[in-house]
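Structure record follows, encoded as structure tokens.
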Amino acid sequence: MSSTPHVPVLGREAVAYLAPREGGVYVDTTFGAGGYSRAILDVPGTRLIAIDRDRTAIAGGAELVKSSAGRLTLVEDRFSHLADVCASLGVETIDGVVMDVGVSSMQLDQAGRGFSFRLDGPLDMRMGQTGPTAADVVARASESDLADIIYLFGEERHSRRIARAIVADRQETPFTTTRALADLVGRVVRSKPGDIHPATRTFQALRIFVNEELEELQTALAAAERVLKPGGRLVVVSFHSLEDRIVKNFLGERSKTGGGSRHLPEVAQIAPSFQLLTRRPVVAGEDEVAQNPRARSAKLRAAERTSAPAHATDGASSWPKLSDVMRGG
Ligand SMILES: C[S@@+](CC[C@H](N)C(=O)[O-])C[C@H]1O[C@@H](n2cnc3c(N)ncnc32)[C@H](O)[C@@H]1O
């Protein structure tokens, strides 16, 4: 199958909320095929730092770096390291951060990356080039960890049955290909004509887990809060409810006014660090969905940084951790 070029979802809206202007410094945390980055660079006099953990995405941006006359710096890293990336480039505060989270269609369409149950390839699913693959997780995780991962990150109600079948089968033959895993899920989960492919949720779960996508998002939002200037903009486009919930809760909590209790002294009230620009998420219009079905589930949320200090970061999440699961802990 030939790979389709990446069409940036909600690109116009994302850049409109970011509102780049001459002299401003921006971070595109998910460079991908550079659609958002190009639109930011189209505004004369902008300076852009663009991050992607995928080496092939960074390599694909080489021409754009050359033609940007020093305005674009591309960095291969995780976006949770956003603040460190800026600091290493001598940038202390920025005017805007844009995030278009999830996988790109370039990644999905390449059988060799192992993201798609429709294409046979190695069971990899890593956006970056380091860390355990989905095959490693499927080979090593305990049955209960597998069930939790598939349930929490895939919202799959047959998670226990799938985990049990994986553990029973992997003793005979390790799962090394996308096809082998998709076939197993297809055998265990019945589906009716017109349903989504039965492996959709299991693949989503493994992909989120292998790339630590939810931790990445949560850490990056807090990092953006620390590096944005007062008046700086944060724009996030997400593709499924687990991600959108994180963005919604983060912005809801950070923009809450009159927090604390009236029985507590004034100091207990934490000033909002963001003001919402979108009360409800912005979604793609019918035309965009007709041209690009991936846009159907996209949600955009945006907010503007206030001058209040960044809030303390929330405690550790209760999600299963990649390092613990691989250690057998
Ligand atoms: C949906 S695509 C972005 C497309 C981009 N907006 C465009 O216009 O071409 C998401 C990209 O973000 C990258 N990505 C996802 N999570 C990441 C993370 N935690 N750190 C760095 N890059 C990440 C992926 O490798 C992928 O290339």
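Both counts, for ligands and for their atoms, begin at 1 and track the order of listing.
By the 4.0 Å heavy-atom criterion, Val103 is counted among the residues contacting ligand 1. By the 4.0 Å heavy-atom criterion, Phe239 is excluded from the residues contacting ligand 1. Residue contacts with ligand 1 leave out Glu212, since none of its heavy atoms falls under 4.0 Å from the ligand.
When non-hydrogen atoms are compared, ligand 1 lies under 4.0 Å from neither the backbone nor the side chain of Glu213. The proximity of Glu216 to ligand 1, defined as any non-hydrogen pair under 4.0 Å, is limited to the side chain. Heavy atoms of Arg294 found under 4.0 angstrom from ligand 1 belong exclusively to the side chain. At a heavy-atom distance under 4.0 Å, only backbone atoms of Asp77 (N, CA, C or O) approach ligand 1.
Numbered from 1 in the order shown, with element, the atoms of ligand 1 that lie under 4.0 Å from a heavy atom of Pro8 read 8 (O). The contact set between ligand 1 and Gln107, taken as ligand atoms under 4.0 Å from a residue heavy atom, comprises 24 (C), 25 (O), 26 (C), 27 (O). The atoms of ligand 1 that sit less than 4.0 Å from any heavy atom of Gly32 are 9 (O), 27 (O). Residue-ligand proximity, Tyr36 to ligand 1, at heavy-atom distances under 4.0 Å covers atoms 6 (N), 8 (O). Atom numbering of ligand 1 starts at 1 in the shown order; those under 4.0 Å from a heavy atom of Phe31 are 5 (C), 7 (C), 9 (O). Heavy-atom proximity to Asp54, at under 4.0 Å, picks out these atoms of ligand 1: 25 (O).
The list of salt bridge (charged side-chain N to carboxylate O under 4.0 Å, His left out) pairs with a residue in residues 26-45, not counting sequence neighbours, is empty.
Considering backbone and side-chain atoms together, Phe79 places an N or O closer than 3.5 Å to an N or O of ligand 1. For a threshold of 3.5 Å applied to N or O pairs, the pair formed by Gly34 and ligand 1 contains at least one separation below that value. Any N or O atom pair closer than 3.5 Å counts here, and Arg78 shares no such pair with ligand 1.
Looking only at atom types and distance, the side chain of Ser273 has a donor-acceptor partner in the side chain of Glu225 under 3.5 Å away. Looking at Ser241 and Asp244, their side chains never bring a donor and an acceptor atom within 3.5 Å of each other. There is no side-chain donor-acceptor pair under 3.5 Å between Ser105 and Arg294. Ser238 and Arg301 share no side-chain donor-acceptor pair at under 3.5 Å.
A salt bridge links Arg160 with Asp148; the closest basic N to acidic carboxylate O contact falls under 4.0 Å. Under a 4.0 Å N-O distance rule, the pair Glu212/Arg78 qualifies as a salt bridge. For the pair Glu76 and Arg53, the salt-bridge criterion is not met [side-chain N within less than 4.0 Å of a carboxylate O].
Here the shortest heavy-atom distance to atom 2 (S) of ligand 1, taken over Ala14, Ala50, Ser104, belongs to Ser104.
Take Arg118 and apply the salt bridge (charged side-chain N to carboxylate O under 4.0 Å, His left out) test, not counting sequence neighbours, and it matches no residue.
Side-chain contact between Phe79 and Glu216 is present, with at least one heavy-atom pair separated by less than 4.5 Å.
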